[in-house]
Chemist: 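My structure is below; once you've seen it, I'll send some questions.
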Amino acid sequence: MQDNKVQIFDTTLRDGEQVPGCKLDTKQKLVIAERLDVLGVNVIEAGFPVSSPGDFNSVSEIAKIVKNATVCGLTRAVENDIKVAAEALKFANHPRIHTGIGTSDSHIKFKFNSTREAVIERAVKAVSYAKTFVEDVEFYAEDAGRTDNEFLARVCEAVIKAGATVLNIPDTTGYCLPEEYGAKIKYLRDNVKGVENVTLSCHCHNDLGMATANSISGVINGARQIECTINGIGERAGNTALEEVVMVLKQHPYLNLETSINTKLLYDTSIMVRESMGMPVQPNKAIVGANAFAHSSGIHQDGVIKNRETYEIMDPEDVGVTESAIVLTARSGRAALAYRAKKIGYELTKVQLDTAYTSFLNTADKQKEVKDKDIHAIMAEVNKISKIAML
Ligand code: KIV
Ligand code: ZN
């Protein structure tokens with residue numbers, strides 16, 4: 001694997017789909033899995049096979065149709081989970097079992113009523129057993145974000161010895177600060193024997209709105225896989241949004257980190273996921289929200305009309321959005337009105353624009369947005385006073 005390549009591990013169909021209301025049937029999951037493969041994700045986490053016969057069937061069908069990506073199934077550190085996942089993945093071109101256990105003191109005490117030593121033993125047993133089915137075994141240290149680094153390093157070293165190929169370091173509760181999460185990855189890189197032979201993976205939740213920042217901090221500090229979902233859907237406040245981390249890396253080329261994602265498919269993929277899951281995306285969502293490339297204040301509109309780069313740090317076409325939108329409101333200026341009028345066929349003189357703008361503000365004060373039909377009406381009024389040149 002090239003050292004500057006960041007693997008994109010998509011868990012829309014597992015961590016994303018486990019959200020209430022986001023449940024999909026197998027047919028819908030197959031459509032999304034095929035799209036993720038075309039999008040260029042490296043790993044598709046297709047589900048949690050032991051959780052239900054329906055999920056088993058979905059993972060199994062996805063394993064059959066995905067051509068390029070690795071297909072992954074989640075398990076607990078439980079023998080039967082691992083056996084069932086291996087069975088579901090048996091037709092995959094590139095199967096991966098994702099097994100693990102909670103490693104924070106809180107999980108060890110309250111979830112397992114166990115000890116650190118016993119948890120290491122269970123982790124090693126799970127990885128060794130998974131290795132009897134597949135070569136590619138990813139281990140997750142659940143709640144690694146709140147796990148003491150020294151103990152986490154011991155867990156990691158033990159599972160590497162047992163054959164883990166990828167170590168997932170989840171910030172399960174979305175608690176870490178970016179510096180802290182990056183330092184955790186660096187600590188593991190500096191202190192775990194054998195770490196140079198495995199991939200460290202970031203799996204960050206968004207409880208404090210820092211999932212993307214934490215994942216980026218993780219790869220800056222040496223992780224080479226990011227686990228994420230389309231539109232950032234997932235447990236509670238969600239997971240790292242795939243479209244965000246991919247575009248952060250693309251728009252900051254000096255980081256010298258790249259992904260294999262075809263970014264022009266991001267917007268369409270976002271629409272596909274929101275429609276099939278019935279999970280709307282907030283308008284101000286980065287990259288794929290309805291307002292991500294819309295400009296509404298007069299100052300911004302004037303800048304964007306002169307040169308898009310004044311207020312846009314990426315080209316909307318790069319993510320599959322056809323163009324930036326100039327939304328006409330009472331905050332818009334003459335430049336925006338003239339721009340929109342020209343788009344729909346009217347070339348105004350300065351005097352005509354002044355007249356039209358007064359009438360435009362009257363309309364804009366009465367409604368949230370001024371649409372093309374309103375502009376046609378305004379132009380008809382102006383035309384009565386002075387003939388407008390038509391384009
Ligand atoms: O958030 C988490 O810790 C997880 C693991 C099961 C990988 O989703
Ligand atoms: Zn998660």
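Note that the coordinates shown come from a computational prediction; the quantities given were computed from them, not determined experimentally.
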Chemist: About how many Å separate CD1 of Ile326 and CD1 of Ile305, when rounded to the nearest 0.5 Å?
Modeler: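 Interatomic distance, Ile305 CD1 to Ile326 CD1, rounded to 0.5 Å: 4.5 Å.
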Chemist: Is there a salt bridge (Lys or Arg N to Asp or Glu O under 4.0 Å) between Asp374 and Lys366? Walk through the geometry before answering.
Modeler: CA-CA 12 Å; Asp374 304 309; Lys366 287 188 209 114; over 6 Å; no
Chemist: Does the pair Phe133 and Glu87 meet the rule for a side chain to side chain contact (heavy atoms under 4.5 Å, CB included), with working shown?
Modeler: CA-CA 9 Å; Phe133 298 103; Glu87 178 64 22; over 6 Å; no
Chemist: Can you check whether Ser128's main-chain N or O pairs, donor with acceptor, with Thr132's side chain at less than 3.5 Å?
Modeler: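 No; zero donor-acceptor contacts below 3.5 Å.
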Chemist: With side chains defined as the heavy atoms from C-beta onward, is the minimum distance between Pro49 and Leu89 less than 4.5 Å?
Modeler: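 Side-chain contact under 4.5 Å: no.
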Chemist: Would you mind checking if Arg154 and Glu157 are paired as a salt bridge, meaning a charged N to carboxylate O distance below 4.0 Å?
Modeler: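 No, this pair does not count.
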Chemist: Take Lys83 and Tyr129, measure what side chain to side chain contact (heavy atoms under 4.5 Å, CB included) needs, and give me the verdict at the end.
Modeler: CA-CA 9 Å; Lys83 195 161 78 181; Tyr129 187 56; 3.5 Å; yes
Chemist: Can Thr172 and Asp143 be counted as having a side-chain donor-acceptor contact under 3.5 angstrom?
Modeler: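 No, Asp143 and Thr172 have no side-chain donor paired with an acceptor closer than 3.5 Å.
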Chemist: Look only at the side chain of Asn93 and the backbone of Lys67, and say whether a donor-acceptor pair between them is shorter than 3.5 Å.
Modeler: yes
Chemist: Quick check: does any side chain N or O of Ser270 sit under 3.5 Å from a backbone N or O of Leu266, one acting as donor and the other as acceptor?
Modeler: no
Chemist: Hey, is CD on Glu196 packed in by over 12 heavy atoms from elsewhere, all under 6.0 Å?
Modeler: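 Correct, the count exceeds 12.
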Chemist: Under the salt bridge (Lys or Arg N to Asp or Glu O under 4.0 Å) rule, what do Arg334 and Asp302 come out as? Steps first, then yes or no, please.
Modeler: CA-CA 9 Å; Arg334 285 173 175 72; Asp302 182 52; over 6 Å; no
Chemist: Please say yes or no: joined through hydrophobic side-chain contacts below 4.5 Å, possibly via intermediate residues, are Phe112 and Ile120 part of one cluster?
Modeler: yes
Chemist: Evaluate Cys202 against Asn214 for side chain to side chain contact (heavy atoms under 4.5 Å, CB included), listing each step before the verdict.
Modeler: CA-CA 8 Å; Cys202 311; Asn214 283 344; over 6 Å; no
Chemist: Could you check whether atom CD of Glu180 has more than 12 heavy atoms from other residues, nucleotides or ligands sitting under 6.0 Å from it?
Modeler: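 Yes, enclosed.
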Chemist: Do we see a donor-acceptor contact under 3.5 Å between the side chains of Ser58 and Thr26?
Modeler: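 Distance-only check passes for Ser58 and Thr26.
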Chemist: When you measure from the side chain of Gln28 to the backbone N and O of Asp25, does any donor-acceptor pair fall under 3.5 Å?
Modeler: yes
Chemist: If you compare all heavy atoms of Pro170 against all heavy atoms of Tyr140, which two are closest, and at what distance to 0.1 Å?
Modeler: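 What the structure gives for the nearest pair is CG-CB, 4.2 Å.
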Chemist: If hydrophobic clusters are built by linking Ile, Leu, Val, Met, Phe, Trp and Tyr wherever their side-chain heavy atoms come under 4.5 Å apart, do Val84 and Val137 end up in the same one?
Modeler: no
Chemist: Identify the two heavy atoms, one from Gln367 and one from Val370, that lie closest to each other, and give their separation to 0.1 Å.
Modeler: NE2-CA, 4.0 Å
Chemist: Return yes if some donor-acceptor pair links the side-chain N/O of Glu347 with the main-chain N/O of Leu391 below 3.5 Å, else return no.
Modeler: no
Chemist: Hey, are the side chains of Phe9 and His203 touching, using non-hydrogen atoms and a 4.5 Å cut-off?
Modeler: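 The answer is no, as the side chains (C-beta and beyond) never meet within the 4.5 Å cut-off.
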Chemist: Under the side chain to side chain contact (heavy atoms under 4.5 Å, CB included) criterion, do His94 and Val43 qualify, and how do the steps go?
Modeler: CA-CA 9 Å; His94 311 283; Val43 185; over 6 Å; no
Chemist: Between Asp10 (side chain) and Leu36 (backbone), is there a donor-acceptor pair under 3.5 Å?
Modeler: no
Chemist: Within the 4.5 Å heavy-atom criterion, are Val327 and Glu369 side-chain neighbours or not?
Modeler: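 With C-beta onward as the side chain, the pair touches.
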Chemist: Please indicate whether Lys131 has more than 12 foreign heavy atoms, meaning atoms of other residues, nucleotides or ligands, lying under 6.0 Å from its NZ.
Modeler: yes
Chemist: Quick one: does Thr259's side chain have a donor or acceptor within less than 3.5 Å of a partner on Val246's backbone?
Modeler: no
Chemist: When you compare the side chain of Leu152 with that of Tyr187, does any pair of heavy atoms fall below 4.5 Å?
Modeler: no
Chemist: If you round to the nearest 0.5 Å, how far is CD1 of Ile65 from CG of Asp37?
Modeler: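 So the gap between those two atoms works out to 8.0 Å.
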Chemist: Nearest 0.5 Å, what's the CD-CZ distance between Glu142 and Arg76?
Modeler: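 Result: 11.5 Å between the selected atoms.
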Chemist: Could you give me the CA-CA distance, side-chain angles and deciding distance for Arg14 and Asp55, then say whether salt bridge (Lys or Arg N to Asp or Glu O under 4.0 Å) is met?
Modeler: CA-CA 9 Å; Arg14 199 279 297 170; Asp55 218 36; over 6 Å; no
Chemist: Where do Leu177 and Met210 come nearest, in terms of heavy atoms and distance?
Modeler: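 Residues Leu177 and Met210, closest heavy atoms: CD2-CE, 3.8 Å.
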Chemist: Tell me whether Gln282 at atom CD has more than 12 heavy atoms from other residues, nucleotides or ligands lying less than 6.0 Å away.
Modeler: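 Yes, CD of Gln282 has more than 12 neighbouring heavy atoms, counting only those of other groups under 6.0 Å.
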Chemist: Which of parallel (below 30°), tilted (30 to 60°) and perpendicular (above 60°) describes His300 and Tyr311?
Modeler: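 Answer is parallel, since the angle falls under 30°.
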Chemist: So with a 6.0 Å cut-off around NZ of Lys64, is the heavy-atom count from everything else above 12?
Modeler: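 Atom NZ in Lys64 is crowded, with more than 12 foreign heavy atoms closer than 6.0 Å.
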Chemist: With a cut-off of 6.0 Å (strictly less than), are more than 12 heavy atoms of other residues, nucleotides or ligands near CZ of Arg189?
Modeler: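 Counting other residues, nucleotides and ligands, CZ of Arg189 stays at 12 neighbours or fewer.
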Chemist: If you define the side chain from C-beta out and look only at heavy atoms, does anything of Ile233 sit under 4.5 Å from Thr12?
Modeler: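 Yes, close enough: below the 4.5 Å cut-off.
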Chemist: List the atom of Asn42, the atom of Ser260, and the distance in Å for their closest heavy-atom pair.
Modeler: ND2-OG, 3.4 Å
Chemist: Does a side-chain heavy-atom distance below 4.5 Å link Leu74 with Asp81?
Modeler: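 No, too far: nothing below the 4.5 Å cut-off.
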Chemist: Is a donor from one side chain sitting under 3.5 angstrom from an acceptor on the other, for Lys184 and Asn149?
Modeler: yes
Chemist: Are side-chain heavy atoms of Ile108 and Phe151 found at a separation under 4.5 Å?
Modeler: yes
Chemist: Tell me the closest heavy-atom pair linking Thr240 and Glu227, and the distance in Å.
Modeler: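 Minimum heavy-atom contact is CB-O, 3.8 Å.
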Chemist: Rounded to the nearest 0.5 Å, what separates atom OG1 in Thr75 from atom CD1 in Ile82?
Modeler: 4.5 Å
Chemist: Is there a donor-acceptor pair under 3.5 Å between the side chain of Thr363 and the backbone N or O of Ser359?
Modeler: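 Between the backbone of Ser359 and the side chain of Thr363 there is a qualifying donor-acceptor contact (under 3.5 Å).
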Chemist: Between Leu39 and Leu242, is there a side-chain heavy-atom distance shorter than 4.5 Å?
Modeler: yes
Chemist: Does atom CZ of Arg274 have more than 12 heavy-atom neighbours from other groups under 6.0 Å away?
Modeler: yes
Chemist: State whether the number of non-hydrogen atoms from other residues, nucleotides or ligands found under 6.0 Å of Lys111 atom NZ is greater than 12.
Modeler: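 Check passes, neighbour count above 12.
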Chemist: Determine yes or no for a side-chain-to-main-chain donor-acceptor pair under 3.5 angstrom, with Thr229 supplying the side chain and Thr11 the backbone.
Modeler: no
Chemist: Look at the side-chain heavy atoms of Ile, Leu, Val, Met, Phe, Trp and Tyr, link any pair under 4.5 Å apart, and say whether Val304 and Ile287 land in one connected group.
Modeler: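 They do not share one cluster, since no chain of ILVMFWY contacts under 4.5 Å joins Val304 to Ile287.
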Chemist: Which residue in the set Asn68, Leu265, Asn262 passes side-chain contact (heavy atoms from CB on, under 4.5 Å) when paired with Val38?
Modeler: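 Considering Asn68, Leu265, Asn262, a side-chain contact (heavy atoms from CB on, under 4.5 Å) with Val38 is found only for Leu265.
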Chemist: Quick one about Glu312 and Ser324 (side-chain donor to acceptor, distance below 3.5 Å, no hydrogens or angles considered), yes or no?
Modeler: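 Yes, a side-chain donor-acceptor pair sits under 3.5 Å.
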Chemist: For the atom pair CD (Glu45) and CD (Glu17), what is the distance rounded to the nearest 0.5 Å?
Modeler: 11.5 Å
Chemist: Nearest 0.5 Å, please: how far is CD1 in Ile230 from CG in Asn239?
Modeler: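 Here the rounded value is 11.5 Å.
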Chemist: Run Lys285 and Glu244 through salt bridge (Lys or Arg N to Asp or Glu O under 4.0 Å) and show every step you take.
Modeler: CA-CA 10 Å; Lys285 166 80 182 62; Glu244 292 177 13; 2.5 Å; yes
Chemist: To check you understand the geometry: which heavy-atom pair defines the closest contact between Pro95 and Thr70, and what is its length?
Modeler: C-CG2, 4.3 Å
